[in-house]
> 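Take a look at the following structure, please.
Nothing here was measured: the structure is a model prediction, and the numbers come from that model.
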Amino acid sequence: MAHETDIDVNEIIERSSGRSGNVFEYQPGDSFVHRLNPVTKLVISVSLVFIAFLFPTYPGPAVLTVATFVVVVLAGVTKAVLRIVAVIGTPLAASLLIIHGLFYPGNETVLYTVGGVPVVEQVHYYREGFEFALLYLFRILTLMLALLVTIVTTHPKRLTIALMEKGMPSKFAYVFLAALQLIPQLQARAVSILDAQRARGLDTKATLRRRVRSLFALMIPLLIGTLIATETRALALESRGFSRVGERTFLLDVPDTALDRALRWLAVAAVVVVAVWRVVFG
Amino acid sequence: MSLIEFDDVSFQYRTQPDDEYALESVSCRIEREEFVGITGPSHAGKSTFCRCIPSYIPNFFDGTLSGTVTVDGVDARETTIGEMATTAGLLFENPFDQLTGASTSVIEEVAFGLENLGLPADEILERCVENLERMNIRDLIDRNPQQLSGGQSQRLALAAILAMQPEVLVLDEPASQLDPHGTDEVFDVISGMDDEGYTVILVSQQLGRMARHLDRLFVLDNGRLVDQGDPREVLDHEAAGADRVLVPDTVTVGRRLRRQGYIDRDRPLPLRVDEAVEELRPHVAPAETDAQTNGLGGSDERAGSGNERSSMAESGGDELAAEKGNGEPGVEGGDDEPAVVFDGVRFAYNEEIEALRGISCSFDGGCVCLVGQNGAGKSTFAKHLNGLLKPTEGTVRIRGTDTRDYRVAQLARDVGLSFQNPDDQLFHDSVEEEIRYGPRNLDYDVDRIDDLVEVAVERMHLDEVREKNPYDLGHSQRKRVAVASVLAMDTPIVVLDEPTGGQDAPGTRMLGAAVNDLVADGKLVVVITHDMSFACEHATRVVALGEGQILLDGTPREVFSRPDTLAKTDVQPPAATRIGTRLGLSEPALSVEDLLAAVDRSTAEE
C-alpha cells in the first residue's frame, strides 16, 4: 500500500479533462453545483422543466429562468452556458416573438402598429401573441439553462458512476463514455481522409455533384475504419473483464449525501404541488 | 507439463477458402519464464498463433479449430476470454484501437479491468501505479489517453494488461506502427520482462532488435511452424534458405566471415553490433581506417566526401546543410528550374506550433529520402509538396508554379502523394476500382487509364487480388494498394509516406524495386521513411529534418557518416554503417557488402 496516499483519483480526473474544445464539455470547478450528486442535478433539472411547462402563463417560467440563471452564475460556468444559449436562443427568440406577435390565432389587442409597409400598408403586433411567445421562450430557456448547467458541471465519468450506482447496466455507461470520446477522433480522421482524397485529385471546391460524391467517399473509410478498430477494441475490453457479472469497484467516489436525497425529494414534491395546483385551479 | 502447449493445432477462419489454413499442424511447447520470438512473412499465421493463447480462438474468431491449445493446463475451448485475462494478456499492433476509448485519464484506463474484477480500491491504485512505473509512464497518470504518442499509448495498453497480473504476455508486432523512438521505448520495457517472471511471446519483423533477447525463435510460414530453436541457429538457417525474413546485418556479416574461413564455424553468430565489430576488427587492416588511404571502391565520390568529412569532424553541425542546400546529385542543370523548390519556407499550425522553420532546398530527380524523428516536420513538408498545406512564409514552387496559386486537385496532376495509413485512403469495392480513381479524377483517356492501372497492379504485385475488396486484404497489402493507386496517377513527382511500414522482406524489396523503376522513368520520388536500410539502398539523396529545419542534406554516405547530428533527430544509421563507424572505417559503410569489401582489401594487401 505504499502508493495509497499520493494518488487522488478525483483530482486526476478533474485535471485530465477540458481539452477537446467541445462546446458541451465539462468545466472543472468546485462550486456547490459541481459537488452535487449527478443524479440529483438530473432530477432537479427535469423537475424544473416539468414545472416550467405546467405554468399556464409566462411570469412563472420567467421566474424559473432567472432563478436557474442565478445558479449558472453561482456555479461559475456563465461563459460556457451563455455561449450555447446565445447561439441557439437568439434566432429562436426572434422567430417566436415575430411569428406569434403577428400571427397567433388568439391575437386581439394591438400593441404596436408599423406603417408604410408595402402591399399590406400596415402591420399590427399583438399583445396575446407576444405573451404566448414569452411563455414558450421562458419554458425553453429554463430547459436549456437547467440541462446545460447539469452537463457542464458534471464530469461524464461521475455521471455514469452515479447512474450505475442507481442500477444502470455498465454497458450503457461504457457506450455513453465511448461515444463522447469518439467525436473528436472521428473529426481528426475525417480530416486525414479528405486530405488523402484531395491528393488523388478529388476537387472539393467544384460542382455540387462532385461535392456530394466526395461526401460519400469520406463516409466509407470513416465507417470501415471505425469498424476495424471495433474488433480490436472488443477483444481488448473482453480481456479486461468487460462482460464479467458481479460486483464492480468504482475507483472514483461519487458521494450521495443526505442533502442530495432531500433536494431530490423536494424537486419531485414541487412538481406534484404545481401539478395539483394546476388541476385544481386550472 | 509446459506452461503453453500446442498439440497438432490447425485453424481455418470461416472466411477462408476450403483448402487454406491460417495455422496447419502446429505443435510446440513453451516453458515458464521463456522469452520466445516469432517471425515470418505476412500471412504466415503469426497473429493466429497469438490469438490462440488468450483463447480469442476459438472464443471470438469464427472458424474451425482442430488439435488442442492448453495454457497453464486449461484447454482454450473450456474457458472464456474474461477468465483467461488473468493468465495471458495480448498486446495488439495498433496502439490506439486497443484502449477502452472510454477513459478520460491514463489511470482510469489501467484501472478499467481491475474495477471490472471488483478488487478493493486500494489494491487497484497500487497495481495501477506499480505498472505505470514499470512502463516508465508514471508521469502521464493524469493525461488524456487520446493525446498520447504511439509509443506512450502502446506502453499504456501494456500497463493495463500487466495490471491484470497475467503469467503470459503475448506481444503481436507491438512496435510495427511506431517510429524509432517509440520502438525503443517499447523494446526497452519488454526486453527484461522474462527476468521479472513473465513468459513472453513476441512477434516481430525487427530481428535485429529482438533476437538478442530471445531464448528461442520460431519461424512461421504458410501457417506452419517451419523452424524453431536458438535464435542464432535459426537465423543461420534463414540466411541460407528462403526469402522470408529480414536477416539482421550482423548475422549476414558473421556468416560470411565463417564461410570465408576468417572465423571458426562453430562459434555462435553475432546478434549485436559490438559482437560483429569484435569479429571484424582483426580482419580489417589499419590502412582501411586511415583517412589518407585511397580505397578501391567509390573513388568517384572521393573528392566531395573527403571535404565533407573534414567539415563534419570539427562541427556538430548545421553548416553542412547550408552548404549542401542546392547541391543536387543527378539531374539538375540547364536553364529550367528544378521540379521542387522550397524557398525560406516556414509553416505554423494554428499560428502557434511552428512545424517548419526556414526550409530552403530544391529537388529535381532521383529518390530523395526524408528522415528524422516524429515531429521533425517530415509530413508537414510532404503536404507542402501538393499544396495540402501552404507556407505561412516563403514559397513552394512545383515545376515552376507557386502552390499558393493552385488547388490541391490541380496540383495532383504534378504530385501524387500516398499517406502513411492505408485505411484513410481506400474506399472502393475492389482493388482495381481503387487504383482507377486517381487517374480518372485527372480525366485521362480510357486507354491510358487502363494502361496505367495495369502497370501499377503489376508493380505492386496485386494481380491476384485485383477483384477483391481492399478491406479483405491484410494491412501490408492494403498499404501496397494505396501506393499503387498513387502510382497510377503517373505524376512526374511521387511522394510516399512510410511505404515499407509493416511490410515483410518480399514486400520491402518490391517497394524498393518500384522506387528504382520510377527513378529510371525519370520521375522525382520523395520517400518519408524510418527504414534507414531502405534509405541506404535506394536514396540518391537523404535529407535529415529536425525540429522543422534541415540538419543534413547529401548522399546517403555523407549523411549516414554523421551519427552525432543524426542522433539529434533520433535517427540511427543502419547496423552496417554503425559497425563501420565503430571499426573506424575511413569510407563509411552503407551495406554489409561495403564491410566485407574492406575485409577483402585488407586481405589482399597482406
Side-chain angles (χ1 to χ4, degrees), chain A residues 1-4 7 9 11-13 15-17 19-20 155-157 170 173-174 177-178 181-182 184-185 189 192-193 195-206 216-218 220-221 224-225 228-229 232-244 246-252, chain B residues 54 56 60 81-82 85 89-90 92 94 97-102 104-105 107-108 111-122 124-126 129-130 141-144 146-147 160-161 164 383 386 388 407-409 412 416-417 419 421 423-427 437-438 441-442 471 485-486 489:
Chain A
M1 302 290 139
H3 302 291
E4 198 185 337
I7 298 285
V9 183
E11 196 209 326
I12 285 173
I13 288 174
R15 260 185 291 155
S16 71
S17 60
R19 277 178 225 165
S20 74
H155 193 285
K157 184 87 182 179
S170 61
Y174 173 79
L177 287 172
Q181 300 264 324
L182 195 63
Q185 277 177 35
R189 273 209 71 204
S192 15
I193 292 170
D195 275 357
Q197 296 181 345
R198 287 161 70 202
R200 277 162 72 194
L202 177 80
D203 207 340
T204 46
K205 290 190 179 65
F216 275 107
L218 175 68
I220 294 168
I224 292 182
I228 289 180
T232 308
R233 184 153 288 165
L235 281 168
L237 287 173
E238 277 313 305
S239 289
R240 288 159 72 188
F242 185 59
S243 302
R244 187 178 169 277
E247 197 65 16
R248 280 173 157 72
T249 310
F250 301 117
L251 207 48
L252 196 64
Chain B
Y56 294 170
F60 184 87
I81 294 173
L90 191 150
F92 297 87
N94 186 304
D97 292 350
Q98 57 186 313
L99 299 182
T100 58
T104 53
S105 66
I107 190 167
E108 289 167 70
F112 184 85
L114 307 175
E115 289 181 309
N116 288 338
L117 292 182
L119 297 174
D122 287 350
I124 294 181
L125 285 180
E126 196 188 351
V129 174
E130 180 192 329
I141 195 162
D142 59 351
R143 292 273 293 277
N144 186 323
Q146 289 195 25
Q147 283 152 349
I161 291 169
M164 303 293 280
K383 286 182 180 175
N386 70 344
L388 277 172
R407 292 205 300 271
V408 181
L417 194 160
F419 289 82
N421 183 356
D423 299 337
D424 290 346
Q425 302 176 65
L426 307 179
F427 49 97
Y437 175 80
N441 271 334
L442 301 180
Y471 283 96
S485 60
V486 168
M489 290 162 69

> In terms of heavy-atom pairs under 4.5 Å with chain A, which of B:Leu99, B:Asn94, B:Val486, B:Leu442 leads?
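Top count of heavy-atom pairs under 4.5 Å with chain A: B:Leu99.
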> Heavy-atom pairs under 4.5 Å with chain B - which of A:Leu177, A:Asp195, A:Leu252, A:Thr249 has more of them than the others?
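The option with the most such pairs is A:Thr249.
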> Calculate, to the nearest 0.5 Å, the distance between atoms CD and OG belonging to B:Gln425 and A:Ser192 respectively.
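These two atoms lie 9.5 Å from each other.
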> For the residue pair A:Arg244 and B:Asn116, what are the closest heavy atoms and their distance?
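Heavy atoms of A:Arg244 and B:Asn116 come nearest at NH1-O, 2.9 Å.
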> Identify the heavy atoms of A:Ala199 and B:Asn386 that sit nearest to each other, and give their distance.
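What the structure gives for the nearest pair is CB-ND2, 3.3 Å.
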> Testing the basics here: between B:Ala102 and A:Ala178, what is the closest heavy-atom pair and its distance to 0.1 Å?
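Where B:Ala102 meets A:Ala178 most closely, the heavy atoms are CB-N, 4.0 Å.
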> Just checking, is any N or O donor in the side chain of B:Thr100 or A:Tyr174 under 3.5 Å from an acceptor N or O on the other one?
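There is no such pair (donor and acceptor under 3.5 Å, judged by atom type) between the side chains of B:Thr100 and A:Tyr174.
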> Ignoring hydrogens, what is the shortest heavy-atom contact between B:Gln98 and A:Arg240? Give both atom names and the distance.
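Taking every non-hydrogen atom into account, O-NH1, 4.2 Å.
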> Find the one option among B:Val408, B:Asp424, B:Leu119 whose heavy-atom pairs under 4.5 Å with chain A are most numerous.
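Highest number of heavy-atom pairs under 4.5 Å: B:Asp424.
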> Mind listing the closest non-hydrogen atom pair of A:Gly201 and B:Ala409 along with its distance?
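Minimum heavy-atom separation between A:Gly201 and B:Ala409: O-CB, 3.9 Å.
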> State the CZ-CG distance between A:Arg248 and B:Leu114, to the nearest 0.5 angstrom.
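The CG atom of B:Leu114 is 12.0 Å from CZ of A:Arg248, to the nearest 0.5 Å.
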> Identify the heavy atoms of A:Arg233 and B:Asp97 that sit nearest to each other, and give their distance.
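Between these two residues, the closest heavy atoms are NE-O, 3.3 Å.
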> Do you know which of A:Leu237, A:Val9, A:Thr232, A:Leu182 has the most heavy-atom pairs with chain B at a distance under 4.5 angstrom?
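Max contact count across the listed options: A:Thr232.
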> Return the OH to CD distance between B:Tyr56 and A:Glu238, rounded to the nearest 0.5 Å.
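Rounded to the nearest 0.5 Å, the OH-CD separation comes out at 9.0 Å.
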> Out of curiosity, A:Arg200 CZ to B:Leu417 CG, how far, rounded to the nearest 0.5 Å?
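Reported value, rounded in 0.5 Å steps: 11.5 Å.
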> Quick one: of B:Gly89, B:Ser105, B:Pro54, B:Ala85, who has the most non-hydrogen atom pairs under 4.5 Å with chain A?
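The answer is B:Ser105.
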> Once rounded to the nearest 0.5 Å, what's the spacing between atom CD1 of B:Ile124 and atom CG of A:Leu251?
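Separation between the atoms: 5.5 Å.
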> Looking at B:Ile161, B:Ile107, B:Asp423, which has the largest count of heavy-atom pairs under 4.5 Å with chain A?
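That would be B:Asp423.
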> Rounded to the nearest 0.5 Å, how far does OG of A:Ser239 lie from CZ of B:Phe92?
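It is 6.0 Å, given to the nearest 0.5 Å.
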> Taking every heavy-atom pair that is under 4.5 Å apart, which of B:Leu117, B:Leu426, B:Leu90 has the most such pairs with chain A?
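Top option by heavy-atom pairs under 4.5 Å: B:Leu117.
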